[in-house]
Amino acid sequence: MKGKYDLPEHLPNDELWRDLERSKALDNQLARELKNLPLSTPKGNLWLGIEAEMDQESSKGYYWWSAAAILLLMSFGYLLWGLLSNETPVNERNYLLTNTYSNLDIVMSPPKKEEIKEEIAVNEKPFINQHQGDWQKVKVEEELALEEVDVPVLLLPELEPLVPQIVSISEQMIAKNQSFHEVAISWGLNDKIKIRTAFSDKNEALQNQEKLQQVRNPSGKLVLKLSKTP
Amino acid sequence: MKSIFEKDLIAACVKQDRKAQFELFERYKVALYSSVYRILNDEAEAHDALQEAFIEIFKSIRKFRGDGALGAWMKTIAVRKAIYMAKKKMYFTPLDQVDVQAGKSELDSWIDGEMLDQAIRELPVGCRSVFLLVEVEGYKHAECGKLLSISESTSKSQLFYAKKLLKESLTKLLKA
(Lines give C-alpha, C1' and ligand atoms only; values in the text may rest on other atoms or scores of the structure.)
Protein backbone atom coordinates (compact mmCIF):
# COMPACT_ATOMS: atom_id res chain seq x y z
CA MET A 1 0.00 0.00 0.00
CA LYS A 2 2.88 2.35 -0.64
CA GLY A 3 1.59 5.50 -2.21
CA LYS A 4 3.09 8.29 -4.14
CA TYR A 5 4.89 9.50 -1.13
CA ASP A 6 6.91 7.27 1.10
CA LEU A 7 5.05 8.10 4.25
CA PRO A 8 5.41 5.99 7.41
CA GLU A 9 2.57 3.63 8.44
CA HIS A 10 0.99 3.63 11.85
CA LEU A 11 -0.66 0.75 13.58
CA PRO A 12 -4.00 1.34 15.28
CA ASN A 13 -4.62 0.65 18.90
CA ASP A 14 -5.03 -3.01 19.82
CA GLU A 15 -8.41 -2.19 21.32
CA LEU A 16 -9.83 -0.92 18.03
CA TRP A 17 -11.42 -4.15 16.93
CA ARG A 18 -12.86 -4.68 20.36
CA ASP A 19 -14.25 -1.16 20.30
CA LEU A 20 -15.77 -1.79 16.91
CA GLU A 21 -17.38 -4.98 18.15
CA ARG A 22 -18.56 -3.17 21.22
CA SER A 23 -20.18 -0.47 19.07
CA LYS A 24 -22.40 -3.17 17.61
CA ALA A 25 -24.15 -3.45 20.95
CA LEU A 26 -27.79 -2.49 20.72
CA ASP A 27 -27.65 0.26 23.32
CA ASN A 28 -24.71 1.89 21.59
CA GLN A 29 -26.34 1.65 18.20
CA LEU A 30 -29.57 3.05 19.59
CA ALA A 31 -27.80 5.97 21.23
CA ARG A 32 -26.14 6.78 17.91
CA GLU A 33 -29.00 6.16 15.49
CA LEU A 34 -31.83 7.69 17.49
CA LYS A 35 -30.37 11.06 16.52
CA ASN A 36 -30.52 10.07 12.89
CA LEU A 37 -34.14 9.02 12.74
CA PRO A 38 -35.81 10.20 9.55
CA LEU A 39 -38.08 13.25 9.72
CA SER A 40 -41.61 13.29 8.41
CA THR A 41 -43.40 16.28 6.90
CA PRO A 42 -47.08 16.95 7.55
CA LYS A 43 -49.60 17.54 4.77
CA GLY A 44 -49.82 20.99 3.24
CA ASN A 45 -53.40 21.65 4.40
CA LEU A 46 -52.51 21.41 8.08
CA TRP A 47 -52.14 25.17 8.48
CA LEU A 48 -55.55 25.77 6.86
CA GLY A 49 -57.13 23.47 9.45
CA ILE A 50 -55.36 25.23 12.32
CA GLU A 51 -56.41 28.64 10.98
CA ALA A 52 -60.05 27.59 10.58
CA GLU A 53 -60.11 26.15 14.10
CA MET A 54 -58.61 29.30 15.58
CA ASP A 55 -61.09 31.54 13.73
CA GLN A 56 -63.95 29.43 15.05
CA GLU A 57 -62.64 29.66 18.60
CA SER A 58 -62.17 33.43 18.40
CA SER A 59 -65.75 33.89 17.14
CA LYS A 60 -66.94 31.69 20.02
CA GLY A 61 -65.02 33.86 22.44
CA TYR A 62 -66.55 37.01 20.97
CA TYR A 63 -70.02 35.53 21.35
CA TRP A 64 -69.46 34.66 25.04
CA TRP A 65 -67.95 38.06 25.79
CA SER A 66 -70.89 39.88 24.24
CA ALA A 67 -73.37 37.64 26.08
CA ALA A 68 -71.58 38.34 29.37
CA ALA A 69 -71.58 42.08 28.67
CA ILE A 70 -75.33 42.09 27.96
CA LEU A 71 -76.02 40.18 31.18
CA LEU A 72 -73.87 42.59 33.16
CA LEU A 73 -75.63 45.60 31.69
CA MET A 74 -79.05 44.10 32.42
CA SER A 75 -78.19 43.33 36.04
CA PHE A 76 -76.68 46.80 36.51
CA GLY A 77 -79.79 48.40 35.02
CA TYR A 78 -82.04 46.39 37.33
CA LEU A 79 -80.01 47.41 40.39
CA LEU A 80 -80.08 51.06 39.31
CA TRP A 81 -83.84 50.96 38.78
CA GLY A 82 -84.29 49.41 42.24
CA LEU A 83 -82.22 52.14 43.86
CA LEU A 84 -83.89 55.02 42.04
CA SER A 85 -87.48 53.93 42.55
CA ASN A 86 -88.88 55.30 45.89
CA GLU A 87 -91.65 52.81 46.26
CA THR A 88 -91.11 50.39 49.07
CA PRO A 89 -92.10 46.90 48.26
CA VAL A 90 -95.58 45.85 49.35
CA ASN A 91 -94.38 43.14 51.69
CA GLU A 92 -92.16 45.63 53.54
CA ARG A 93 -94.71 48.45 53.76
CA ASN A 94 -96.77 47.32 56.77
CA TYR A 95 -95.00 44.42 58.34
CA LEU A 96 -91.38 45.42 58.51
CA LEU A 97 -91.19 45.80 62.27
CA THR A 98 -88.07 43.77 62.85
CA ASN A 99 -85.85 46.64 63.96
CA THR A 100 -84.59 45.68 67.43
CA TYR A 101 -83.45 49.25 68.17
CA SER A 102 -86.92 50.74 67.71
CA ASN A 103 -88.41 52.64 70.67
CA LEU A 104 -91.92 52.11 69.51
CA ASP A 105 -94.26 50.37 71.93
CA ILE A 106 -95.90 47.72 69.96
CA VAL A 107 -99.08 46.55 71.65
CA MET A 108 -99.33 42.88 71.17
CA SER A 109 -102.99 42.54 72.16
CA PRO A 110 -105.39 40.51 70.06
CA PRO A 111 -107.66 42.61 67.83
CA LYS A 112 -111.10 43.44 69.28
CA LYS A 113 -114.07 41.84 67.71
CA GLU A 114 -116.52 44.37 66.42
CA GLU A 115 -120.13 43.48 66.99
CA ILE A 116 -122.13 43.43 63.84
CA LYS A 117 -125.60 44.83 64.25
CA GLU A 118 -128.25 43.28 62.19
CA GLU A 119 -130.67 45.84 60.74
CA ILE A 120 -133.67 45.05 58.74
CA ALA A 121 -133.97 47.00 55.56
CA VAL A 122 -136.94 49.33 55.94
CA ASN A 123 -139.05 51.18 53.50
CA GLU A 124 -140.76 54.52 54.15
CA LYS A 125 -144.41 54.45 53.15
CA PRO A 126 -146.79 57.47 53.19
CA PHE A 127 -150.21 56.91 54.69
CA ILE A 128 -153.07 59.07 56.05
CA ASN A 129 -153.16 59.76 59.70
CA GLN A 130 -156.84 59.46 60.51
CA HIS A 131 -156.77 61.60 63.61
CA GLN A 132 -155.33 64.67 62.04
CA GLY A 133 -156.54 63.99 58.45
CA ASP A 134 -153.19 64.92 56.95
CA TRP A 135 -150.55 63.11 54.93
CA GLN A 136 -147.61 62.09 57.04
CA LYS A 137 -144.52 60.09 56.36
CA VAL A 138 -144.36 57.37 58.93
CA LYS A 139 -141.60 54.84 59.20
CA VAL A 140 -143.00 51.45 58.59
CA GLU A 141 -140.91 48.39 59.15
CA GLU A 142 -141.19 46.45 56.00
CA GLU A 143 -138.65 44.00 54.84
CA LEU A 144 -137.35 44.64 51.40
CA ALA A 145 -137.48 41.64 49.24
CA LEU A 146 -135.23 41.09 46.31
CA GLU A 147 -136.98 41.86 43.13
CA GLU A 148 -137.02 39.52 40.24
CA VAL A 149 -134.63 40.43 37.56
CA ASP A 150 -135.30 39.84 33.97
CA VAL A 151 -132.49 37.72 32.86
CA PRO A 152 -131.74 38.25 29.22
CA VAL A 153 -132.34 35.23 27.11
CA LEU A 154 -129.24 33.74 25.73
CA LEU A 155 -129.07 34.25 22.07
CA LEU A 156 -128.41 30.82 20.88
CA PRO A 157 -128.65 29.96 17.25
CA GLU A 158 -131.84 28.19 16.39
CA LEU A 159 -131.18 24.83 15.00
CA GLU A 160 -133.42 23.41 12.39
CA PRO A 161 -134.92 20.08 13.42
CA LEU A 162 -133.50 17.20 11.56
CA VAL A 163 -136.13 15.79 9.26
CA PRO A 164 -135.50 12.25 8.10
CA GLN A 165 -135.62 11.94 4.40
CA ILE A 166 -138.25 9.52 3.35
CA VAL A 167 -137.50 7.75 0.18
CA SER A 168 -140.65 6.45 -1.38
CA ILE A 169 -140.38 3.44 -3.53
CA SER A 170 -142.88 3.57 -6.28
CA GLU A 171 -144.95 0.51 -7.23
CA GLN A 172 -143.56 0.60 -10.70
CA MET A 173 -140.08 0.21 -9.32
CA ILE A 174 -141.22 -2.78 -7.33
CA ALA A 175 -143.02 -4.31 -10.32
CA LYS A 176 -139.96 -3.79 -12.51
CA ASN A 177 -137.75 -5.78 -10.19
CA GLN A 178 -138.45 -9.46 -9.99
CA SER A 179 -138.89 -11.07 -6.63
CA PHE A 180 -136.13 -13.43 -5.66
CA HIS A 181 -137.38 -14.74 -2.33
CA GLU A 182 -140.70 -15.14 -0.67
CA VAL A 183 -140.92 -15.63 3.03
CA ALA A 184 -144.15 -16.67 4.60
CA ILE A 185 -144.81 -16.58 8.29
CA SER A 186 -148.06 -17.97 9.62
CA TRP A 187 -149.32 -18.40 13.11
CA GLY A 188 -152.31 -19.89 14.93
CA LEU A 189 -152.23 -23.05 12.83
CA ASN A 190 -150.12 -25.27 14.98
CA ASP A 191 -152.13 -26.52 17.90
CA LYS A 192 -149.52 -28.93 19.08
CA ILE A 193 -147.27 -26.50 20.79
CA LYS A 194 -146.07 -27.86 24.03
CA ILE A 195 -144.45 -26.02 26.82
CA ARG A 196 -141.73 -27.72 28.71
CA THR A 197 -141.83 -26.69 32.29
CA ALA A 198 -139.63 -29.11 34.13
CA PHE A 199 -139.51 -27.17 37.37
CA SER A 200 -142.91 -25.50 37.43
CA ASP A 201 -145.90 -26.91 39.24
CA LYS A 202 -149.18 -27.84 37.57
CA ASN A 203 -151.03 -24.54 38.14
CA GLU A 204 -148.30 -22.57 36.48
CA ALA A 205 -148.33 -24.91 33.53
CA LEU A 206 -152.08 -24.36 33.13
CA GLN A 207 -151.71 -20.62 33.31
CA ASN A 208 -149.04 -20.70 30.65
CA GLN A 209 -151.25 -22.88 28.47
CA GLU A 210 -154.05 -20.31 28.69
CA LYS A 211 -151.69 -17.47 27.77
CA LEU A 212 -150.46 -19.43 24.82
CA GLN A 213 -154.02 -20.06 23.70
CA GLN A 214 -154.65 -16.32 23.69
CA VAL A 215 -151.72 -15.83 21.40
CA ARG A 216 -152.77 -18.64 19.10
CA ASN A 217 -156.35 -17.50 18.58
CA PRO A 218 -155.78 -14.61 16.18
CA SER A 219 -154.31 -16.61 13.38
CA GLY A 220 -152.85 -14.94 10.35
CA LYS A 221 -150.19 -14.96 7.66
CA LEU A 222 -147.49 -12.51 6.75
CA VAL A 223 -145.85 -12.77 3.35
CA LEU A 224 -142.67 -10.86 2.63
CA LYS A 225 -141.48 -10.55 -0.91
CA LEU A 226 -137.83 -9.74 -1.17
CA SER A 227 -136.80 -8.10 -4.36
CA LYS A 228 -133.62 -6.69 -5.76
CA THR A 229 -133.41 -2.95 -5.23
CA PRO A 230 -132.58 -0.82 -8.28
CA MET B 1 -29.44 36.60 16.79
CA LYS B 2 -31.84 33.74 16.32
CA SER B 3 -32.85 33.74 20.01
CA ILE B 4 -33.65 37.47 19.83
CA PHE B 5 -35.77 36.87 16.79
CA GLU B 6 -37.46 34.00 18.58
CA LYS B 7 -38.32 36.34 21.43
CA ASP B 8 -39.92 38.74 18.97
CA LEU B 9 -41.74 35.85 17.40
CA ILE B 10 -43.10 34.75 20.78
CA ALA B 11 -44.15 38.33 21.60
CA ALA B 12 -45.98 38.59 18.29
CA CYS B 13 -47.64 35.21 18.86
CA VAL B 14 -48.82 36.35 22.28
CA LYS B 15 -50.56 39.23 20.48
CA GLN B 16 -52.20 36.60 18.25
CA ASP B 17 -50.42 37.89 15.15
CA ARG B 18 -51.33 35.40 12.42
CA LYS B 19 -48.11 35.91 10.43
CA ALA B 20 -45.96 35.20 13.48
CA GLN B 21 -48.03 32.12 14.25
CA PHE B 22 -47.48 30.86 10.72
CA GLU B 23 -43.74 31.47 11.04
CA LEU B 24 -43.64 29.46 14.25
CA PHE B 25 -45.64 26.68 12.59
CA GLU B 26 -43.27 26.54 9.64
CA ARG B 27 -40.22 26.36 11.88
CA TYR B 28 -41.35 23.50 14.08
CA LYS B 29 -43.89 21.54 12.04
CA VAL B 30 -41.44 18.87 10.82
CA ALA B 31 -39.84 18.20 14.20
CA LEU B 32 -43.19 18.01 15.97
CA TYR B 33 -44.88 15.97 13.27
CA SER B 34 -42.03 13.43 13.26
CA SER B 35 -42.39 12.84 17.00
CA VAL B 36 -46.16 12.67 16.89
CA TYR B 37 -46.24 10.42 13.83
CA ARG B 38 -43.75 8.01 15.41
CA ILE B 39 -45.93 7.66 18.51
CA LEU B 40 -49.25 7.27 16.72
CA ASN B 41 -47.98 5.43 13.62
CA ASP B 42 -50.99 6.77 11.69
CA GLU B 43 -50.89 9.75 9.34
CA ALA B 44 -54.45 10.97 9.87
CA GLU B 45 -54.23 10.71 13.66
CA ALA B 46 -50.83 12.41 13.66
CA HIS B 47 -52.30 15.19 11.54
CA ASP B 48 -55.16 15.71 14.02
CA ALA B 49 -52.86 15.55 17.03
CA LEU B 50 -50.49 18.11 15.56
CA GLN B 51 -53.36 20.44 14.67
CA GLU B 52 -54.66 20.29 18.24
CA ALA B 53 -51.12 20.74 19.56
CA PHE B 54 -50.52 23.90 17.53
CA ILE B 55 -53.86 25.39 18.60
CA GLU B 56 -52.93 24.76 22.24
CA ILE B 57 -49.47 26.22 21.65
CA PHE B 58 -50.93 29.44 20.22
CA LYS B 59 -53.48 29.66 23.01
CA SER B 60 -51.02 29.10 25.84
CA ILE B 61 -47.86 30.72 24.46
CA ARG B 62 -48.28 33.59 26.94
CA LYS B 63 -47.56 31.01 29.67
CA PHE B 64 -44.16 30.18 28.15
CA ARG B 65 -41.64 31.73 30.54
CA GLY B 66 -38.55 31.17 28.41
CA ASP B 67 -36.78 28.97 30.99
CA GLY B 68 -36.06 26.30 28.39
CA ALA B 69 -36.04 26.17 24.64
CA LEU B 70 -39.28 27.00 22.86
CA GLY B 71 -38.91 23.89 20.71
CA ALA B 72 -38.75 21.62 23.73
CA TRP B 73 -41.80 23.29 25.25
CA MET B 74 -43.73 22.87 22.02
CA LYS B 75 -42.61 19.27 21.69
CA THR B 76 -43.89 18.49 25.18
CA ILE B 77 -47.34 19.74 24.20
CA ALA B 78 -47.32 17.80 20.93
CA VAL B 79 -46.12 14.57 22.54
CA ARG B 80 -48.74 14.84 25.26
CA LYS B 81 -51.44 15.29 22.62
CA ALA B 82 -50.18 12.26 20.75
CA ILE B 83 -50.04 10.15 23.91
CA TYR B 84 -53.57 11.24 24.80
CA MET B 85 -54.78 10.09 21.39
CA ALA B 86 -52.75 6.87 21.50
CA LYS B 87 -54.12 5.99 24.93
CA LYS B 88 -57.48 5.11 23.37
CA LYS B 89 -55.92 2.07 21.68
CA MET B 90 -52.95 1.51 23.98
CA TYR B 91 -52.30 -1.84 25.55
CA PHE B 92 -49.33 -3.24 27.45
CA THR B 93 -48.32 -6.82 26.84
CA PRO B 94 -48.24 -8.67 30.18
CA LEU B 95 -44.62 -9.65 30.60
CA ASP B 96 -45.28 -12.80 32.62
CA GLN B 97 -46.43 -14.38 29.36
CA VAL B 98 -43.30 -13.31 27.47
CA ASP B 99 -39.73 -14.57 27.66
CA VAL B 100 -37.73 -11.54 28.70
CA GLN B 101 -34.42 -13.32 29.22
CA ALA B 102 -31.50 -11.11 28.37
CA GLY B 103 -29.65 -12.61 25.42
CA LYS B 104 -26.70 -11.47 23.39
CA SER B 105 -26.57 -7.68 23.52
CA GLU B 106 -24.70 -7.12 20.21
CA LEU B 107 -26.26 -7.01 16.80
CA ASP B 108 -24.61 -8.77 13.90
CA SER B 109 -23.91 -5.55 12.09
CA TRP B 110 -24.41 -1.80 12.19
CA ILE B 111 -27.78 -0.22 11.60
CA ASP B 112 -28.86 3.17 10.27
CA GLY B 113 -31.69 5.56 11.20
CA GLU B 114 -34.07 4.24 8.52
CA MET B 115 -33.78 0.66 9.77
CA LEU B 116 -34.27 1.73 13.35
CA ASP B 117 -37.34 3.79 12.40
CA GLN B 118 -38.84 0.76 10.66
CA ALA B 119 -38.16 -1.45 13.66
CA ILE B 120 -39.68 1.10 16.06
CA ARG B 121 -42.88 1.25 13.98
CA GLU B 122 -43.24 -2.53 14.24
CA LEU B 123 -43.32 -2.41 18.06
CA PRO B 124 -46.63 -2.83 19.93
CA VAL B 125 -48.18 0.53 20.84
CA GLY B 126 -47.60 0.26 24.61
CA CYS B 127 -43.91 -0.55 24.70
CA ARG B 128 -43.31 1.68 21.65
CA SER B 129 -44.71 4.66 23.58
CA VAL B 130 -42.47 3.87 26.56
CA PHE B 131 -39.41 3.49 24.32
CA LEU B 132 -40.06 6.77 22.49
CA LEU B 133 -40.80 8.74 25.64
CA VAL B 134 -37.76 7.48 27.56
CA GLU B 135 -35.15 6.88 24.88
CA VAL B 136 -36.11 9.50 22.26
CA GLU B 137 -37.85 12.29 24.16
CA GLY B 138 -35.76 11.92 27.31
CA TYR B 139 -38.52 11.49 29.87
CA LYS B 140 -37.73 9.79 33.18
CA HIS B 141 -39.54 6.56 34.01
CA ALA B 142 -41.62 8.27 36.68
CA GLU B 143 -42.78 10.96 34.22
CA CYS B 144 -43.39 8.38 31.53
CA GLY B 145 -45.45 6.27 33.91
CA LYS B 146 -47.52 9.28 34.87
CA LEU B 147 -48.17 10.18 31.26
CA LEU B 148 -49.17 6.67 30.30
CA SER B 149 -51.00 5.95 33.57
CA ILE B 150 -48.71 3.05 34.46
CA SER B 151 -46.29 2.44 37.33
CA GLU B 152 -42.61 3.27 37.15
CA SER B 153 -41.64 -0.40 37.29
CA THR B 154 -44.02 -1.19 34.41
CA SER B 155 -42.38 1.58 32.43
CA LYS B 156 -38.96 0.03 33.05
CA SER B 157 -40.05 -3.49 32.18
CA GLN B 158 -41.84 -2.29 29.04
CA LEU B 159 -38.68 -0.50 27.92
CA PHE B 160 -36.69 -3.69 28.40
CA TYR B 161 -39.30 -5.59 26.40
CA ALA B 162 -39.25 -2.95 23.65
CA LYS B 163 -35.46 -3.26 23.33
CA LYS B 164 -35.70 -7.03 23.14
CA LEU B 165 -38.26 -6.79 20.34
CA LEU B 166 -36.21 -4.14 18.58
CA LYS B 167 -33.17 -6.36 18.61
CA GLU B 168 -35.14 -9.24 17.13
CA SER B 169 -36.62 -7.01 14.50
CA LEU B 170 -33.29 -5.40 13.60
CA THR B 171 -31.58 -8.80 13.36
CA LYS B 172 -34.21 -9.86 10.85
CA LEU B 173 -33.78 -6.64 8.90
CA LEU B 174 -30.01 -7.03 8.83
CA LYS B 175 -30.31 -10.57 7.50
CA ALA B 176 -32.81 -9.59 4.81
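Sequence lines set the chain letters: A, B, ... in the order given, protein chains first and strands last, and positions in each chain run from 1.
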Engineer: Would you mind checking chain A against chain B for donor-acceptor pairs under 3.5 Å and listing them?
Structural biologist:
unit_1 : atom_1 : unit_2 : atom_2 : d
A/S23  : OG     : B/W110 : NE1    : 2.9
A/K24  : O      : B/L107 : N      : 3.0
A/K24  : NZ     : B/D108 : O      : 3.2
A/L26  : N      : B/S105 : O      : 3.0
A/D27  : OD1    : B/K163 : NZ     : 3.3
A/Q29  : OE1    : B/I111 : N      : 2.8
A/Q29  : NE2    : B/S109 : O      : 2.7
A/E33  : OE1    : B/G113 : N      : 3.0
A/P38  : O      : B/R38  : NH2    : 2.6
A/S40  : N      : B/S34  : OG     : 2.8
A/S40  : O      : B/S34  : OG     : 3.3
A/N45  : OD1    : B/H47  : NE2    : 3.3
A/D55  : OD1    : B/R18  : NH1    : 3.3
A/D55  : OD1    : B/R18  : NH2    : 3.2
A/E57  : OE1    : B/K59  : NZ     : 3.2

Engineer: I'd like to know which of B/A46, B/A31, B/G113 tops the heavy-atom pair count under 4.5 Å against chain A.
Structural biologist: B/G113
Engineer: Sequence neighbours left out, what passes side chain to side chain contact (heavy atoms under 4.5 Å, CB included) with A/L79? Give chain and number order.
Structural biologist: none
Engineer: By a 4.5 Å heavy-atom criterion (distance strictly below it), what part of B/F58 contacts chain A: side chain, backbone, both, or neither?
Structural biologist: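 For B/F58, the contact with chain A is made by the side chain alone.
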Engineer: Let's test your reading of the structure: which of B/I55, B/L166, B/L170 forms the most heavy-atom pairs below 4.5 Å with chain A?
Structural biologist: B/I55
Engineer: Picking from A/P42, A/A25, A/A31, which has the most non-hydrogen pairs under 4.5 angstrom with chain B?
Structural biologist: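 Of A/P42, A/A25, A/A31, A/P42 has the most heavy-atom pairs under 4.5 Å with chain B.
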Engineer: So for B/I120, is it side chain, backbone, both, or neither that comes closer than 4.5 Å to the heavy atoms of chain A?
Structural biologist: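 Side chain only.
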Engineer: Do B/L50 and A/I50 come within less than 4.5 Å of each other through their side chains, counting heavy atoms only?
Structural biologist: no
Engineer: Let's test your reading of the structure: which of A/L30, A/L34, A/L46 forms the most heavy-atom pairs below 4.5 Å with chain B?
Structural biologist: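 Looking at each of A/L30, A/L34, A/L46 in turn, A/L46 comes out on top.
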